[in-house]
Amino acid sequence: IKGIVRPDTNITPSQPEVDINVNRRIAAQLGLSTGDVANIISTATSGTIASYWQTNGTQYPIMVQLPPEQRRSLSSLGSLLIQPNAAAATASGATTTTPTSPMATAGGQSSATLNAVPLAGVASLTLGTGPSQIPRQNKARRVDIDAPVVGATLGDVLGQITKIMNSYSFPQGYRWQYGPSVTANNDTFGALTLVVILAIALIYMLLASQFESFLDPLVIMMAVPFALIGIVGALWLTHRAFGLTAFIGSLMLVGIAVKNAILVVEFTKQLRRDEGMSPRDALMHAGPMRLRPILMTTLATLGGMLPIAIGLEAGSQTQAPLGTVVIGGLVTSTLLSLVVVPTIYLLVATYVEPRFTTKPPSFRRPSTPASEETPKTVPVT
């Protein structure tokens with residue numbers, strides 16, 4: 001897959017090991033469990049802290065362990081003495097002895113080891129290989145495949161991975177899934193998508209309450225889709241991926257893109273209301289008069305985002321998509337909103353708005369009979 005370099009798995013080479021298979025029937029006759037055998041072997045090979053020796057305010061652990069020459073070969077482990085349980089030995093007809101500590105039985109120096117049995121008589125010892133670690137997830141064994149993505153977008157790589165893995169025939173009981181980093185990224189994108197939708201809804205409700213109209217906010221919100229053209233174009237020109245920081249930049253554009261449309265539409269409505277102009281004449285006056293503040297605010301925002309988009313400093317590549325998205329979306333939304341938004345407003349004001357606007361009813365005074373009419377006053381000169 002293009003973009004994936006140096007894939008690696010968490011499978012480590014097998015390490016040599018000694019496999020000890022306990023004969024459960026013989027161990028049960030001796031009153032031993034696999035846990036007892038494992039504890040004796042662990043004490044003999046790895047050691048067990050029996051107590052602590054304190055001197056001059058310092059505690060030193062007392063480690064009970066076989067000497068290295070008695071635990072470094074397969075034959076020495078096979079001759080490791082294990083003391084049977086006293087109760088089980090009596091039941092089987094053996095001579096009763098007093099149980100000793102695991103180390104006493106391991107060393108073979110106590111008189112109680114007369115009835116001890118070697119480890120080779122209870123278990124079989126073989127040389128083999130095994131993994132150094134077995135990673136698990138939800139009690140199931142897991143193999144991780146990690147690979148950095150270079151020179152490609154994460155979405156394209158994940159799409160190809162999904163296609164290949166779905167076409168692969170896994171053995172019975174095997175399955176595949178994305179790791180926590182990919183799933184967390186998808187969850188984050190889903191949450192940010194909901195945030196963008198809520199931001200658009202809140203901006204619409206705020207504009208509807210300010211303009212006291214349901215149509216004008218829709219005209220203003222048409223500037224938001226124009227920003228998507230700049231986002232896609234800017235990321236394509238800079239060969240950058242649409243990641244988390246780019247999504248945050250898109251969220252910023254939701255509020256920035258509608259700013260220019262608000263300036264034009266609000267001043268147009270003011271001219272229609274105060275000057276009595278037609279929608280077309282009001283737009284022809286509002287466009288040139290609002291062009292300067294629109295360009296000033298747009299250029300100031302572009303200048304502030306330019307250092308972030310360039311990403312010259314070390315570690316700034318993670319923030320560069322944010323500046324790229326804001327610059328590209330703001331340029332296209334500004335240029336298109338100065339032409340498309342006034343055109344849409346003119347169409348709405350000409351054809352759609354009259355259908356939803358009704359004249360208030362006129363309240364006339366009821367006509368009075370001729371006999372009740374007020375007599376006219378005739379001036380006398």
Practice item. Go through the structure and list residues passing ring pair (Phe, Tyr, Trp, His ring centres under 6.0 Å) with F247, not counting sequence neighbours. Key: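 Here the qualifying residues are F189, F242.
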
inquiry  = With a 6.0 Å cut-off on the ring centroids, do Y174 and W176 count as close?
reply    =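 No, the ring of Y174 stays outside the 6.0 Å limit from the ring of W176, centre to centre.
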
When you compare the side chain of [Y] with that of [X], does any pair of heavy atoms fall below 4.5 Å?
X: I220; Y: F211; answer: yes
X: M221; Y: I200; answer: yes
X: R290; Y: P293; answer: yes
X: T129; Y: E17; answer: no

For residues [X] and [Y], report the shortest heavy-atom separation together with the two atoms involved.
X: L338; Y: P342; result: O-CG, 3.4 Å
X: I161; Y: I4; result: CD1-CD1, 3.9 Å
X: L322; Y: I248; result: CD1-CG2, 4.1 Å

Exercise. Hey, quick one: are V325 and V195 part of the same hydrophobic cluster, counting side-chain heavy atoms closer than 4.5 Å, chains of contacts allowed?
Worked result: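 Hydrophobic grouping puts V325 with V195.
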
| said: Could you see if V232 belongs to whatever hydrophobic cluster contains M252? Use Ile, Leu, Val, Met, Phe, Trp, Tyr and a side-chain cutoff under 4.5 Å. | reply: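 V232 does not cluster with M252.
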
Quick one: [atom1] on [X] to [atom2] on [Y], what's the gap to the nearest 0.5 Å?
X: L125; Y: I20; atom1: CG; atom2: CD1; answer: 4.5 Å
X: I327; Y: I310; atom1: CD1; atom2: CD1; answer: 7.5 Å
X: T343; Y: L346; atom1: OG1; atom2: CG; answer: 7.0 Å
X: H285; Y: T268; atom1: NE2; atom2: OG1; answer: 11.0 Å

Under 3.5 Å, is there a donor-acceptor pair linking the side chains of [X] and [Y]?
X: Q177; Y: R175; answer: yes
X: S73; Y: S76; answer: yes
X: R71; Y: T45; answer: no
X: S278; Y: D281; answer: yes
X: T48; Y: T43; answer: yes

Exercise for review: Please say whether more than 12 non-hydrogen atoms of neighbouring residues, nucleotides or ligands are located less than 6.0 Å from CD1 in I145.
Suggested key: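 Open: at most 12 neighbouring heavy atoms sit under 6.0 Å from CD1 of I145.
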
Query - Pair D144 + R142: basic N to acidic O under 4.0 Å - result: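 Salt bridge: yes.
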
